[in-house]
Amino acid sequence: MEAFLTKIGAGILRGLTNAGHGTMLLRAIFLQTPHIWKMRREVLVQMHVVLVGSMPLVIVTSVFVGAVTAVQAVYQMQALVPMKFLGVMISKTVFIELGPVLMALVVGSRLCAFYAAELGTMKVTEQLDAMSIMAIDPVRYLAMPRFWAAVTMIPVVTIFADAVAILGGYTISVMTLDISAGVFIEGLQLFYKHSDILGGLIKAVVFGAIIALSGIFNGFNTQGGAEGVGHATMTAVVASCLSVLVADYFLAIILFQIIFQK
Amino acid sequence: MNLEYNIPPPPEQKVADPAKFRGIVMEGVSKSFGPKQVLKETDLLIHKGETLVVFGRSGEGKSVLLKHIVRLLEPDAGKIWVEGEEISEMEVSDLMEMRKQFGFLFQGAALFDSMNICKNVGLMLEEHSGWPMEKISARACEALALVGLMDSDDKLPSELSGGMKKRAGLARAIVMEPEYILYDEPTTGLDPITGDAINDLIIKLQKELGVTSIVVTHDMASAFKVADRMAMLSRGKIVFTGTVDEVRSTDHPMVRQFIEGNSQGPLGAF
Ligand SMILES: Nc1ncnc2c1ncn2[C@@H]1O[C@H](COP(=O)(O)OP(=O)(O)O)[C@@H](O)[C@H]1O
Ligand SMILES: [Mg+2]
C-alpha cells in the first residue's frame, strides 16, 4: 500500500515537473517567435506535414463521424423530437465537440508521434547537440516552426473536418434515413450561432498547442537509443490525448458557461 | 592490484591564473552519470595553436571530456576556461558566440538526416554568415572537396557509408574556419588511406590556419602523426602528458601497455 502511494506520488511529481518544463519550453518558443519570418520555409514545410498528409485520415474519420451522429440522433429522437431538429443536433455536436476533439485525438496523435519520434531520433543521434554546437538554437530551428504549424493548421483541419462531417451526416440522413434535404438544411440553420464554430476553433487552437508541446517536449527529452525513442513517442501521444480531454472539459466551462453565455 | 606497477603521479597541469591563459583550461572537472563517475577532478591544459591528442581506452570518458569544453555537458564540479573566460558563467548569447569559434566532429558524425550533405555543411554559414546562397554553396563545396566528397554533395546522410559520414561531419566542422576544432575519433571507421588523408588535413589546418585542435582517438598511428602533445585519460584522470617522443619512450606502465596493445598490465583487460 505504501509502495503504491509512493508510486502515485512520484507519478504526480513527475507530471508536475514535466508540466513546469513544458511551460519553460512554451516560453522559449514564444521568445523565438520573432524569428518566424526567417524560418518561414520550415514553417511552411511543417504546415504541409499537418495538412496534406492528414487528409485521407481526416476525410474518412469525418465522414463516418457525421454518418454515425446522424444514425444515432435519429434513433434517439424517434417519435419524441421532430426531425427538423436533426440538423441542429448534428451541427452543434460536430462544431463544438466532435470536430475539435476527434481531430485532436486522431490527427493530433499522428502529428504528436511524428514530432516526438523525429526529434527524439535527432536527440539520441546527437543531431540536437550538433545543432547547439553550431550556435543554432534547436528551439528556434525545430520547435518554433513545428509549434506554430500545429497551432494554425489543426484549426484549419478541424474546419475542414466539420464540413465533411456535416456533409456525411447530410448524405446518410437523406439517402438512408428518409429525411428530406429541405428539413435537414432548415435544421442546420435553426439555432445556429457563430459562437459554436468560434468555440470549436478556440478549442482546436489550444489542442494544437498541447499536441505540439507534448511531441516536441518528449522528443527533446528522449534518453537512450531506439527504445528511448519508442518510449518518448508513446509518452508523447498518451500525454497529448489525456491533456486534450482534460483541457476540453475546462474549455467547455470557460467558453460555453462563461464567455459565450453573456 | 596496481602495487606491482610503478605508476608515477599524474602530471601537474595547473596554471596560476586561468583567466589570463590563452587556450583552454580544465580544472578539477568531475562528471557522473548516475552512480558511475566518468571524470574525477580531471585537469587538462590545451595551448593555443597546438594539436593535443587525448587517448585512452573506449568508455573512459574521452567523448564526455570533449563535450565539456563546449558546454554540451556541464561538470558536477570544476571549471573550464576558454581564452580566459569561464564558460559555466557565460550568458547564452556569449556561449553562442564562443561556439562559433569551435568546430566539433562527433564520434557518430551527427549529420542532420533530413538535409543533404551540401546543406549540412552550409547550414552554419546560412545561419551566421549573411552571405548569398551561391557563395555559401561554393564554400560548402570547397570544404567537401577538402575531405574528398565533392561528388556526394546532393546525397542524404543515409546514402553514405560510415566513413563518408565521418568525412562529411568533418567538412561541416571546418566550414566556418573555426579557431578550435574538436575531433572525436576522426579516423575510426575509415580505411587506412582515407584515414591518413584526414591526418594530413588535420595537420594542414593547423599549419595553414593556426587551428588549435583536440583529437580524441585510440588510433595510435594517427595520434603519433598529428600530435604536438599527447595526454592519456584513464579512470577519469589524465595520467600522463608528453610530446610524441616522450610518449614513445616513456616507461609509464599504463602508456606502455596501451601503445603496445598488451592485455597484461595496470589497465587490466576488461
Ligand atoms: N549521456 C550519458 N548518459 C549516461 N552515461 C553516459 C552518457 N554519456 C557517456 N556516458 C558514460 O560515460 C562513459 C564514458 O563514455 P564516453 O565518453 O563516450 O567514452 P569514450 O572514451 O569511449 O569516448 C561510458 O561509460 C558511458 O556509458
Ligand atoms: Mg567516444
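Just so we're on the same page: letters track the sequence lines, and every chain starts at 1. Remember, it's a predicted structure, so these values are computed and weren't measured experimentally.
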Any side-chain heavy-atom pair from B/R172 and A/M134 closer than 4.5 angstrom? yes
Do B/F104 and A/D129 make a side-chain contact, defined as non-hydrogen atoms from C-beta onward lying under 4.5 Å apart? no
Check whether more than 12 heavy atoms from other residues, nucleotides or ligands sit under 6.0 Å from atom [atom1] of [X], and answer yes or no.
{"X": "A/R40", "atom1": "CZ", "answer": "yes"}
{"X": "A/H48", "atom1": "NE2", "answer": "no"}
{"X": "A/H21", "atom1": "NE2", "answer": "no"}
{"X": "B/F33", "atom1": "CZ", "answer": "yes"}
{"X": "B/K48", "atom1": "NZ", "answer": "yes"}
{"X": "B/H128", "atom1": "NE2", "answer": "yes"}
{"X": "B/K100", "atom1": "NZ", "answer": "yes"}

Under 4.5 Å heavy-atom distance to chain A, tell me which part of B/L95 shows up: side chain, backbone, both or neither. neither
For a quick test of reading the model, state the closest non-hydrogen atom pair linking [X] to [Y] and the distance between them.
{"X": "B/L72", "Y": "A/S132", "result": "CD2-CB, 4.3 Å"}
{"X": "B/A110", "Y": "A/A130", "result": "O-CB, 3.8 Å"}
{"X": "A/I133", "Y": "B/R99", "result": "O-CB, 3.5 Å"}

Go through the steps to decide whether A/K38 and B/E127 satisfy the test salt bridge (charged side-chain N to carboxylate O under 4.0 Å, His left out), and finish with yes or no. CA-CA 10 Å; A/K38 210 182 153 203; B/E127 288 295 312; 3.7 Å; yes
Straight-line distance of B/F112 CZ to A/I136 CD1, nearest 0.5 Å: 6.0 Å
Which portion of A/M122 sits near chain B, non-hydrogen atoms under 4.5 angstrom: side chain
